[in-house]
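Not measured: the values here are computed from a predicted model.
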Amino acid sequence: MDINYLFDPNEKPLDRLVTDGGYCGIMRTIACIGDSLASGELESRDENGNPGWHDIFDISWGQYLARMAGLKAYNFSRGGMTAKEYINSFADTMGYWDKDLAAQGYIIALGVNDILNCHWPVGSVDDICLEDYTKNNTTFAGYYGQIIQRYKQIQPDAKFFLVTFPKGEGTENGDEHRALLYSLAELFDNCYVIDLREYGVEYNADFRKKFFVGGHMNSAGYLFTAQVIASYIDYIIRHNMEDFSQIGFVGTPHKYIY
């Protein structure tokens with residue numbers, strides 16, 4: 001049996017779409033940190049045209065991914081969430097710093113509300129104090145970095161997957177957001193970028209007609225997103241096998257020391 005196809009150096013992310021979770025399954029717990037699109041939010045409209053927004057975790061891409069890969073996923077998310085609110089109140093209120101909820105992997109999909117809706121400055125890795133996260137500057141980068149820093153304290157060997165804006169979203173700031181995430185992945189160990197802006201599908205009118213209702217995805221959109229996220233993480237793992245060789249020990253007192 002030839003398994004070299006799994007490690008093809010010419011393969012690009014998302015060349016293969018997995019529907020069973022792929023190598024995501026080697027992680028037994030993941031936490032999904034994000035806003036409405038991480039929460040399975042559906043948009044309603046009543047007979048008078050009044051809109052409603054409803055977080056339905058069961059159809060979030062994190063839970064679809066969990067069912068595909070046979071792992072446990074936590075929704076550390078809510079519609080409208082920002083990195084600033086996550087740090088200043090939300091995570092504390094919801095108990096998301098609880099060590100009993102520590103995960104082997106963290107998928108962070110934040111920035112739309114911070115940058116596009118609240119017009120918060122993006123900032124840079126210079127806003128992050130590695131010695132004391134409470135001294136981070138109050139930019140998106142500073143708050144986002146603090147999220148990573150605090151979870152690294154809780155679960156030092158966890159893997160972090162940072163999600164860019166997709167094509168067609170946040171055109172005016174998407175490239176700056178993407179560049180920041182790559183800088184964060186260089187600054188922190190065990191961090192990887194899920195670059196939907198470069199390799200993902202474009203959220204154009206045809207895509208929205210199929211996978212959106214109003215301003216948010218429908219159930220098919222969240223399932224498709226789960227397949228994309230799973231496929232990208234599967235690619236990352238297969239092309240960084242040594243990085244993930246001890247993932248089963250994450251959250252335990254054990255490791256293999258060479």
Quick test of your reading of the model: are [X] and [Y] salt-bridged, counting only N-O distances below 4.0 Å?
X	Y	answer
Lys167	Glu198	no
Lys159	Asp243	no
Glu41	Arg78	no

Backbone N/O of [Y] and side chain of [X]: donor-acceptor pair under 3.5 Å:
X	Y	value
Gln104	Arg28	yes
Asn113	Met81	yes
Gln149	Cys129	yes
Asp98	Gly95	no

Assess, by modelled atom type and distance only, whether the side chains of [X] and [Y] contain a donor and an acceptor separated by less than 3.5 Å.
X	Y	answer
His54	Ser44	yes
His239	Glu11	yes
Asn137	Thr139	no
Ser39	Ser77	yes

[Y] side chain reached by [X] side chain, heavy atoms, under 4.5 Å:
X	Y	value
Thr82	Asp35	no
Tyr144	Ile128	no
Thr225	Leu37	no
Tyr133	Gln153	yes
Phe211	Tyr203	no
Tyr23	Tyr235	no
Leu162	Tyr192	no

To the nearest 0.5 Å, tell me how far [X] [atom1] sits from [Y] [atom2].
X	Y	atom1	atom2	answer
Thr19	Tyr64	OG1	OH	14.0 Å
Leu6	Arg16	CG	CZ	6.0 Å
Asn218	Arg208	CG	CZ	11.5 Å
Asn75	Ile33	CG	CD1	11.0 Å

Side chain to side chain donor-acceptor pair (under 3.5 Å) for Asp206 and Asn204? Distances and angles first, verdict last. CA-CA 6 Å; Asp206 185 60; Asn204 57 24; 5.9 Å; no
Heavy atoms only: give me the nearest Arg178-Asp195 pair and the separation to one decimal.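 Looking at all heavy atoms of both residues, the shortest contact is NE-OD2, 2.7 Å.
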Tell me whether the count of non-hydrogen atoms from other residues, nucleotides or ligands lying under 6.0 Å of CZ in Phe7 goes above 12.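 Enclosed: over 12 neighbouring heavy atoms sit under 6.0 Å from CZ of Phe7.
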Quick check on the 6.0 Å ring-centre criterion: do Trp97 and Phe90 meet it?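 Between Phe90 and Trp97, which both carry aromatic rings, the centre distance is not below 6.0 Å.
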Ring centre gap for Phe224 and Tyr222 strictly below 6.0 Å: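 Ring-ring flag for Phe224/Tyr222: false, centres at least 6.0 Å apart.
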Is the Phe161 ring parallel, tilted or perpendicular to the Phe244 ring (thresholds 30°, 60°)?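 It falls in the parallel class, under 30°.
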